[in-house]
Amino acid sequence: MSETIGFIGLGAMGAPMARRLLGAGHTVIACDANPAALEAIVESGAQAAASARGLADQVETIMVSLPTPAIVQAVAADVAEGSKAKLFIDLSTTGPRVAKDVGTMLNKKGLEMLDSPVSGGVGGAEKGTLAVMVSGPEAQWTRWKPVLEAIGHNAFFVGEGQGQGQMMKLINNMLSATAMVASAEAFALGAKAGLDPDIMVQVINAGSGANTAVRDKFPKSVLTRTFDYGFRTELMYKDVRLCLEEAEALGSPMWVGQPVKQWWSLALARGGVEEDFSHIMRYVEEQAGVEVRSRKNDPKPE
Ligand code: NAD
């Protein structure tokens, strides 16, 4: 069934997710604070709305993919004032407590929320292979599952409790953040000991050290020195921070997470909010005094 969906936040993730919805035959009315991002999605076939509030006067269901919890809260408050909006589907990562606050605020204004963070990166968003972890009213999940499957064919219902999808997402990203830092340290050590990083990728991916950093991020963006994976360090730091806050609030140990957070904190301080998270390798290299790069394109000796 073809749906009309409002979509706010057409960034690294939002733009490919909105394009998947357009590709599945849905009508998308988009809104973004950045005119260039809006223009690009209009070129892909979406209609444009001038503001979140204006969009919420036009459509019943609004998806958002926004960078920070504070921005999600502000945009949700605007959406709640709209005359037509009934359902808010949040694809961003905000953490369970913000999700609960936003859900409660929306419920008071007569709207429902599906908390639906995603995992799988820009590549997964482009291919429609994201993992989508949904919590909220089960009837809305059943109704919107086929649409969410256009975004990610791995769509899971985590439970009705507000914020459960977010909790799932933070746990997933804590593991991803840990794998990235631990792999950067491992590759620095290997390179310093004279191992070929391309061979390290092959061995680890065939062995018990396999993880998504070595499978996807190192071959695409680290060993190539392009540092362009499509996820900003600011967002990785946010996810780790939110996860550790939840662990502390629930009294559950996450000791390994503390040094992982320190690495991301250093990367954020050094590289700033816009830098791609794959640059973490460069900060580990500085400490190790070595560079980790592919040798595939090195000139052959005469
Ligand atoms: P991004 O910074 O690339 O995109 C965010 C978009 O929101 C931008 O286009 C920006 O202009 C827009 N925006 C900001 N404030 C706005 C406002 N007030 N009103 C309207 N538009 C506004 O971020 P992203 O990488 O696409 O991430 C979006 C969300 O998805 C984040 O919560 C992130 O944690 C999560 N996420 C990202 C990835 C990834 O690999 N990039 C993967 C999974 C989840």
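- Proximity of a side-chain donor or acceptor of Glu285 to a complementary backbone N or O of Glu291 within less than 3.5 Å is not detected.
- Under the rule for a side-chain contact (heavy atoms from CB on, under 4.5 Å), the partners of Val256 that lie at least two apart in sequence or sit in another chain are Thr178, Val260.
- Remark: Lys220 engages Asp228, Tyr229 in a side-chain contact (heavy atoms from CB on, under 4.5 Å) (not counting sequence neighbours).
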Can you check side-chain contact (heavy atoms from CB on, under 4.5 Å) on Glu286 and Arg270, steps first, answer last?
CA-CA 12 Å; Glu286 277 178 14; Arg270 293 287 308 282; 2.7 Å; yes
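- The side-chain contact (heavy atoms from CB on, under 4.5 Å) check on Ala184 picks up Phe218, Met281, Val284, with sequence neighbours excluded.
- With sequence neighbours excluded, the residues satisfying side-chain contact (heavy atoms from CB on, under 4.5 Å) with Thr233 are Trp264, Ala267, Leu268, Glu275, Phe277.
- With hydrogens and angles ignored, the 3.5 Å screen pairs a side-chain donor or acceptor of Ser2 with a backbone N or O of Gly25.
- The line from NZ of Lys238 to CG of Leu170 is 9.0 Å long, rounded to the nearest 0.5 Å.
- If you check the side chains of Ser183 and Asn211, you find a donor sitting under 3.5 Å from an acceptor.
- With sequence neighbours left out, Glu60 forms a salt bridge (Lys or Arg N to Asp or Glu O under 4.0 Å) with Lys86.
- Cluster membership for Trp144 and Met133, using ILVMFWY side-chain heavy atoms within less than 4.5 angstrom, is not shared.
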Practice item. Apply the test side chain to side chain donor-acceptor pair (under 3.5 Å) to residues Thr93 and Asn173: give CA-CA distance (whole Å), side-chain angles for both, the deciding distance (0.1 Å), then the verdict. Key: CA-CA 10 Å; Thr93 309; Asn173 273 35; 5.2 Å; no
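- Applying the salt bridge (Lys or Arg N to Asp or Glu O under 4.0 Å) test to Lys145 and every residue at least two apart in sequence or in another chain returns Glu149.
- Put simply, the side chain of Asp57 gets close to the backbone of Ser83: a donor and an acceptor are under 3.5 Å apart.
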